[in-house]
Number of protein chains: 2
Amino acid sequence: MVAQSRPGTTRAALSKDRVLRAAVSLADEGGIAALTMRRLARELEVEAMSLYHHVADKDQVLDGMVDVVVGEITAGVRDGGASSDGAGWKAAVRHRILAARQVLLRHPWAPGVIESRTTMSPTVLRYFDSLTGLLLGGGLSADLAHHALHALGSRALGFSQELFDPAAGAGDESERMLEDYADRLPNLVGMLTEIAHDDPDNTLGWCDDQAEFEFALDLILDGLERLNS
Amino acid sequence: MVAQSRPGTTRAALSKDRVLRAAVSLADEGGIAALTMRRLARELEVEAMSLYHHVADKDQVLDGMVDVVVGEITAGVRDGGASSDGAGWKAAVRHRILAARQVLLRHPWAPGVIESRTTMSPTVLRYFDSLTGLLLGGGLSADLAHHALHALGSRALGFSQELFDPAAGAGDESERMLEDYADRLPNLVGMLTEIAHDDPDNTLGWCDDQAEFEFALDLILDGLERLNS
DNA sequence: ACCTGAACACCGTTCAAGT
DNA sequence: ACCTGAACACCGTTCAAGT
């Protein structure tokens, strides 16, 4: 096999960039478990071992995928502007983080991969540098800004690993489950039935992730603002 | 090979419990990557396939390992007592979560495994039920308690995935790194140098995880308390 | 310089066979 | 009922060989 799929049709040369973009779309479609070096090669119409001329190993592929995603986030940010004019820091941070979240929603595998990386890439560092700029520009002390980054944690990048399974007990089953567990989990069941009573649309296990994300984000940002006074 | 290691020494029969405890100690010692069905079997002086008489598959091993860890957390809690007397809810929640954190520090692999599970086990549900009891007992509305659980997220179980590598640039290298990146990461470097100036012990990349965890936890709990008034 | 085929040292898991 | 050995269908990666 030569690097042509049909006579007269020269296939684009392999490159690190092509490998990474193929890896991202493979994970987007089939989840991170679908990403194997062999399948990635097949997608690029190449032998698995050819990949190793452009990336050192699979870990470097994962590193690169994070950069692609964080690059998407950074690309959506217009620099300068209202970022440095003091009082607006909270809105600016909020806006940027919610924008990051929108990007991550398109790449459900990204949170897990980001958390599995042991070192921060230059691209990720640049994102955090920019976010830090918003905080310092808003008048937060270096110390408070530093605490803020830790408190935001992964939320700074737009995600928070949900421990509750969104699809756990959706539908009509949930009410029966509520009764089954009422004696063993009285507080949880009590809380959820009361919420369901107030809002009949809201059944067990079905939480509005966007609303919860914003609630937690605002809780943190409001807390920081208070400490900044 | 029969189930005896030496003549007269009958080996303990295999059981799901023994499998799970062996899995936990294997991961404690060698990290989660060291946990393979084959190695786990070797540790138990048994063939790999014998494990499948006690667990359905590796996923069930991971599920069980989470239960072992959360069981450790729950075991350290004395039920009843000061948990339900109103005003003390914040201290009670804080205390319980920090205790959970101490357990998780002994099982560094646990956060990753917990987040990889798609459904919550009865043991985990029981932990959250108990935590919910503290919130409701403290007078929080069902709605606010629900928001609180989401806002705490994995912190409710005592961990927060740190995005910054604790050992990234420790030691004397960090100062040189600071200078190298000063132009590309002005805000981050500015923040860190200012912190390092105030506290010479604190070098780049070396953060007090315990202090940062408590800062974020208190930020959230204080915010909830304010919303509860 | 880039790509390939065969091979190595692993995985999780199935299956038929043993006791 | 519990355990085993061989086998299957995968992995990531190395290496020597091709062009």
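Chain naming here is simple, since letters A, B, ... match the order of the sequence lines and numbering starts at 1 in each.
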In whole Å, what is the span from the CG atom of A:Leu26 to the P atom of D:dC11? 11 Å
Shortest non-hydrogen separation from B:Ala23 to B:Leu40 and the atoms involved: N-CD1, 3.6 Å
Interatomic distance, A:Asp59 CG vs D:dG12 P [rounded to whole Å]: 11 Å
When you measure from the side chain of A:Tyr127 to the backbone N and O of A:Ala156, does any donor-acceptor pair fall under 3.5 Å? yes
For a quick test of reading the model: is some side-chain N or O of A:His54 closer than 4.0 Å to OP1 or OP2 of C:dA1? no
Given D:dA6, C:dG12, C:dA6, identify the nucleotide with an atom nearest to the side chain of B:Met49. D:dA6
Can you measure B:Leu44 atom CG to D:dT4 atom P for me and round it to whole angstrom units? 11 Å
Just name whichever nucleotide pairs with C:dC11, Watson-Crick or G-U, keeping both distances under 3.5 Å, else none. none
Base partner of C:dT4, which must satisfy Watson-Crick or wobble distances under 3.5 Å: D:dA16
What integer distance in Å separates B:Leu14:CG from D:dC2:C1'? 9 Å
If I take atom CD in residue A:Glu47 and atom C1' in nucleotide D:dT13, what distance separates them, rounded to the nearest angstrom? 15 Å
Under 3.5 Å, is there a donor-acceptor pair between the side chain of A:Lys16 and the main chain of A:Val61? no
From NZ of A:Lys16 across to P of C:dC2 the rounded distance in Å is 14 Å
Would you indicate, yes or no, if D:dC11 has its OP1 or OP2 atom less than 4.0 angstrom from a side-chain nitrogen or oxygen of A:Arg39? yes
Expressed as a whole number of angstroms, how long is the span from A:Leu51:CG to C:dC2:C1'? 12 Å
With distance as the sole test, does B:His146 use its side chain to make a donor-acceptor pair with the main-chain N or O of A:Ile195 at under 3.5 Å? no
Would you find a donor on one side and an acceptor on the other, under 3.5 Å apart, between the side chain of B:Ser130 and the backbone of B:Arg126? no
Closest to the 5' end of DNA chain C, once A:Arg38 and A:Ala48 are matched to their nearest nucleotides, is A:Ala48
Ignoring backbone atoms, test whether B:Ser50 places a side-chain nitrogen or oxygen under 4.0 Å from the OP1 or OP2 oxygen of D:dT4. yes
Using whole Å, report how far OH of A:Tyr52 lies from P of D:dT13. 4 Å
Do B:His53 and D:dC3 have a side chain to base donor-acceptor pair shorter than 3.5 Å? yes
